[in-house]
**Student:** 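Right, I'll just put the structure down here and ask away after.
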Amino acid sequence: MKNTLLIIVAFLKGDSKNMLIERLILVAMWLFGFVGLILFIPRKERRKGFLSLLMFQTFVWLCDMFAFQYNLMSAPVREFPKATDLPLTIDYFFYPVLFSIFYINKKVNRSLSSKITYFCVWISGVSIFDNVIERYTDLLKYKISPWYGMWIYIGFLFFVSQFCCNWFYKDRSLFQVERLETK
């Protein structure tokens, strides 16, 4: 228990008092992420939620490696500054959790306009949060991307991840129809 407290204190301490706010935000993201996973993803949907989380992580990793490598984005305050330039909590836990909640709670039998509205509300919420993090903390810094560029980027990530998850979970009866058509 004492070692755990020492690790938490060392994590929160950082290099300066300004970093304390960023560290507390990261801890809050972990707490809200775990609480969100427990509260907003039903027990019977946890497998689907976990797969959607992993799917989103995959596309974030592919896109952000490029962006951070070519200095389009930076993360001045991050968890492992000597190991990687990527913000692990934001990109690989918090945003994937948000996508997982989005994916599990979407209604399939809605009209197209309500599906688009649901998608745009989620993208806008995540983009506003991202913009606040970028503007008021040192957790993220974007070199050239305005707010609408991040809206498009996050929308792209959500759309591609949703497309792949839908493809993975498509109706099994369709597989049999496809198999019969190929014979």
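Residue indices begin at 1 and follow the sequence shown.
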**Student:** Are L39 and I41 joined in one hydrophobic group, where the rule is that I, L, V, M, F, W and Y side chains link up if heavy atoms are under 4.5 Å apart?
**Tutor:**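 As far as the 4.5 Å side-chain criterion goes, I41 and L39 are connected within one cluster.
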**Student:** Taking the side chain as C-beta and beyond, is there a heavy-atom pair between C63 and F156 under 4.5 Å?
**Tutor:**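 Touching, per the 4.5 Å side-chain cut-off.
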**Student:** Any cation-pi pair here, K107 with Y118, using under 6.0 Å and within 45°?
**Tutor:**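 Judged by the rule (NZ or CZ under 6.0 Å from the ring centre, within 45° of its axis), K107 is not positioned above Y118.
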**Student:** Taking only residues two or more places apart in sequence or in another chain, which ones pass side chain to side chain contact (heavy atoms under 4.5 Å, CB included) with S114?
**Tutor:**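 By the side chain to side chain contact (heavy atoms under 4.5 Å, CB included) rule, S114 matches R110, S111.
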**Student:** Rounded to the nearest 0.5 Å, how far does CG of L157 lie from CE of M55?
**Tutor:**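 The CG atom of L157 is 13.0 Å from CE of M55, to the nearest 0.5 Å.
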**Student:** Please tell me whether W61 and Y153 are part of a single hydrophobic cluster in this structure, the criterion being side-chain heavy atoms less than 4.5 Å apart.
**Tutor:**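 Yes, W61 and Y153 fall within the same hydrophobic cluster.
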**Student:** If I take atom OH from residue Y136 and atom CG from residue N131, how far apart are they, to the nearest 0.5 angstrom?
**Tutor:**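 Going from OH on Y136 over to CG on N131, the span is 8.0 Å.
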**Student:** At their closest point, which heavy atom of K48 faces which heavy atom of Y169, and how far apart are they?
**Tutor:**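 Shortest heavy-atom contact: CA-OH, 3.1 Å.
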**Student:** If you group Ile, Leu, Val, Met, Phe, Trp and Tyr whenever their side-chain heavy atoms sit less than 4.5 Å apart, what else falls in with W147?
**Tutor:**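 W147 clusters with Y148.
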**Student:** Set out, in order, the CA-CA distance, both residues' side-chain angles and the distance that settles side chain to side chain contact (heavy atoms under 4.5 Å, CB included) for N166 and K106, then state yes or no.
**Tutor:** CA-CA 12 Å; N166 288 343; K106 71 180 175 67; 3.6 Å; yes
**Student:** If you look at every heavy atom in S124 and W151, which pair is closest and at what distance?
**Tutor:**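 Shortest heavy-atom contact: OG-NE1, 3.1 Å.
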**Student:** Let me know which of L140, I133, L139, L26 forms a side-chain contact (heavy atoms from CB on, under 4.5 Å) with P87.
**Tutor:**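 The side-chain contact (heavy atoms from CB on, under 4.5 Å) with P87 is passed solely by L140 among L140, I133, L139, L26.
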**Student:** Look at the side-chain heavy atoms of Ile, Leu, Val, Met, Phe, Trp and Tyr, link any pair under 4.5 Å apart, and say whether I116 and V121 land in one connected group.
**Tutor:**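 No, it is not one cluster - the side chains of I116 and V121 are not joined through contacts under 4.5 Å.
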**Student:** Please check if atom CZ in R46 has more than 12 non-hydrogen atoms from other residues, nucleotides or ligands closer than 6.0 Å.
**Tutor:**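 For R46, atom CZ is crowded (more than 12 foreign heavy atoms under 6.0 Å).
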**Student:** Using the test salt bridge (charged side-chain N to carboxylate O under 4.0 Å, His left out), find all partners of K141 that sit at least two apart in sequence or belong to another chain.
**Tutor:**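 Checked K141 against salt bridge (charged side-chain N to carboxylate O under 4.0 Å, His left out); matches are D138.
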**Student:** Quick one: CG on N109 to NZ on K115, what's the gap to the nearest 0.5 Å?
**Tutor:**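 Reported to 0.5 Å precision, the distance equals 7.5 Å.
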**Student:** F163 and L53: same hydrophobic cluster, using ILVMFWY side-chain contacts below 4.5 Å?
**Tutor:**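 No, because F163 and L53 fall into different hydrophobic clusters, even though each may have its own neighbours under 4.5 Å.
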**Student:** Mind checking the OH-CE spacing from Y142 to M150? Nearest 0.5 Å is all I need.
**Tutor:**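 Atom-to-atom, Y142:OH and M150:CE are 3.5 Å apart.
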**Student:** Rounded to the nearest 0.5 Å, how far does CG of L24 lie from CG of L31?
**Tutor:**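 Answer for the CG-CG pair, L31 versus L24, is 10.5 Å.
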**Student:** Once ring-ring contact (aromatic ring centres under 6.0 Å, His included) is applied, do any residues pair with Y70, and if so which ones, sequence neighbours excluded?
**Tutor:**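 Once residues adjacent in sequence are excluded, the partners of Y70 under the ring-ring contact (aromatic ring centres under 6.0 Å, His included) criterion are F66.
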**Student:** Only distances under 3.5 Å count here; give the side-chain donor-acceptor pairs of residues 91-102 to other protein atoms, sequence neighbours excluded, each with its distance to 0.1 Å.
**Tutor:**
unit_1 : atom_1 : unit_2 : atom_2 : d
Y95    : OH     : D130   : OD1    : 2.5
S100   : OG     : G49    : O      : 2.7
S100   : OG     : S52    : OG     : 3.2

**Student:** Using a 6.0 Å cut-off, check whether atom NZ of K143 has over 12 heavy atoms from anything other than its own residue.
**Tutor:**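 Yes, because the 6.0 Å sphere around NZ of K143 holds more than 12 heavy atoms from other groups.
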**Student:** If you round to the nearest 0.5 Å, how far is CD1 of I104 from NZ of K44?
**Tutor:**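 The CD1 atom of I104 is 10.5 Å from NZ of K44, to the nearest 0.5 Å.
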**Student:** Given the rule that I, L, V, M, F, W and Y join up when any side-chain heavy atoms are under 4.5 Å apart, are F32 and L37 in one cluster?
**Tutor:**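 Yes; L37 is reachable from F32 via cluster members.
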**Student:** What pairs meet the salt bridge (charged side-chain N to carboxylate O under 4.0 Å, His left out) rule with one or both residues in residues 53-67, with sequence neighbours excluded?
**Tutor:**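 Listed by first then second residue: nothing to list.
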**Student:** With ring pair (Phe, Tyr, Trp, His ring centres under 6.0 Å) as the test, would you mind laying out the steps for F158 and F56 before giving the verdict?
**Tutor:** CA-CA 7 Å; F158 268 59; F56 192 82; 5.3 Å; yes
